Amino acid sequence: MQYFLVKSEPFKYSWDKFNQDGRTFWDGVRNYQARNNLKEMKEGDLVLFYHSNEGKNVVGVAKVVKEFYQDPTTEDKNWVVVDLVPVETLKNPVSLETIKKDERLIDIALVRQGRLSVMQLKQAEFDRILELGAG
DNA sequence: GCCAACGTTGGC
DNA sequence: GCCAACGTTGGC
């Protein structure tokens with residue numbers, strides 16, 4: 001079991017919209033590092049959903065239901081998507097500020113490499129964020 | 001709206 | 001293959 005975090009601008013695709021849809025393919029990744037992380041995802045892996053720009057917090061947990069395949073929005077073979085479904089909404093969204101202040105989360109890619117949109121998390125980091133989100 | 005970080009592109 | 005220029009992301 002692996003753990004990940006994905007970013008989305010709420011204007012583009014929000015957690016609410018995701019829950020209304022019930023399932024989505026995660027498209028729009030146009031960065032090789034992020035793409036490689038997408039390819040690492042296996043069915044059943046858990047993914048934190050982070051709102052960038054607006055909110056700047058982790059709002060919920062999603063699950064991988066289909067491993068990577070060709071991005072249907074482009075012909076370019078470089079890009080892939082995975083299918084995700086929502087699992088649970090965090091009671092207390094965990095803000096970037098909170099994450100930055102937590103010594104156990106100081107090392108995660110969200111902080112270290114701000115621009116990366118798909119990243120892997122250690123289980124301890126994933127658990128810690130859920131703990132903070134439970135309120 | 002600004003700017004830092006950083007990935008990508010293209011000239012040499 | 002290096003590196004300057006440029007574009008994009010995302011925090012502030």
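On a predicted model such as this, the values are computed, not experimentally measured, just so you know. Here is the naming used below: chain letters follow the sequence lines, and residue numbers restart at 1 for every chain.
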Engineer: On DNA chain C, check which nucleotide each of R115(A) and K56(A) is closest to and give me the residue with the more 5' one.
Structural biologist: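 In this pair, the answer is R115(A).
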Engineer: Using the test side-chain hydrogen bond (donor to acceptor under 3.5 Å, both in side chains), find all partners of E131(A) that sit at least two apart in sequence or belong to another chain.
Structural biologist: R128(A)
Engineer: Looking at residues at least two apart in the chain, or sitting in another chain, which of them share a side-chain hydrogen bond (donor to acceptor under 3.5 Å, both in side chains) with D71(A)?
Structural biologist: R30(A), T73(A)
Engineer: Report, one line per pair, each donor and acceptor closer than 3.5 Å where one atom sits in a side chain of residues 53-67 of chain A; sequence neighbours left out.
Structural biologist:
{"residue": "N53(A)", "atom": "ND2", "partner": "E9(A)", "partner atom": "OE1", "Å": "3.4"}

Engineer: Which side-chain hydrogen bond (donor to acceptor under 3.5 Å, both in side chains) pairs, counting each pair once, include a residue from residues 110-119 of chain A, with sequence neighbours left out?
Structural biologist: Q33(A)-Q113(A)
Engineer: Please collect all ring-ring contact (aromatic ring centres under 6.0 Å, His included) contacts where either partner lies in residues 80-135 of chain A, sequence neighbours excluded, each pair once.
Structural biologist: Y3(A)-F126(A)
Engineer: Using a 4.0 Å cut-off to any heavy atom of chain A, which nucleotides of DNA chain B are the first and last in contact, reading 5' to 3'?
Structural biologist: dA5(B) to dT8(B)
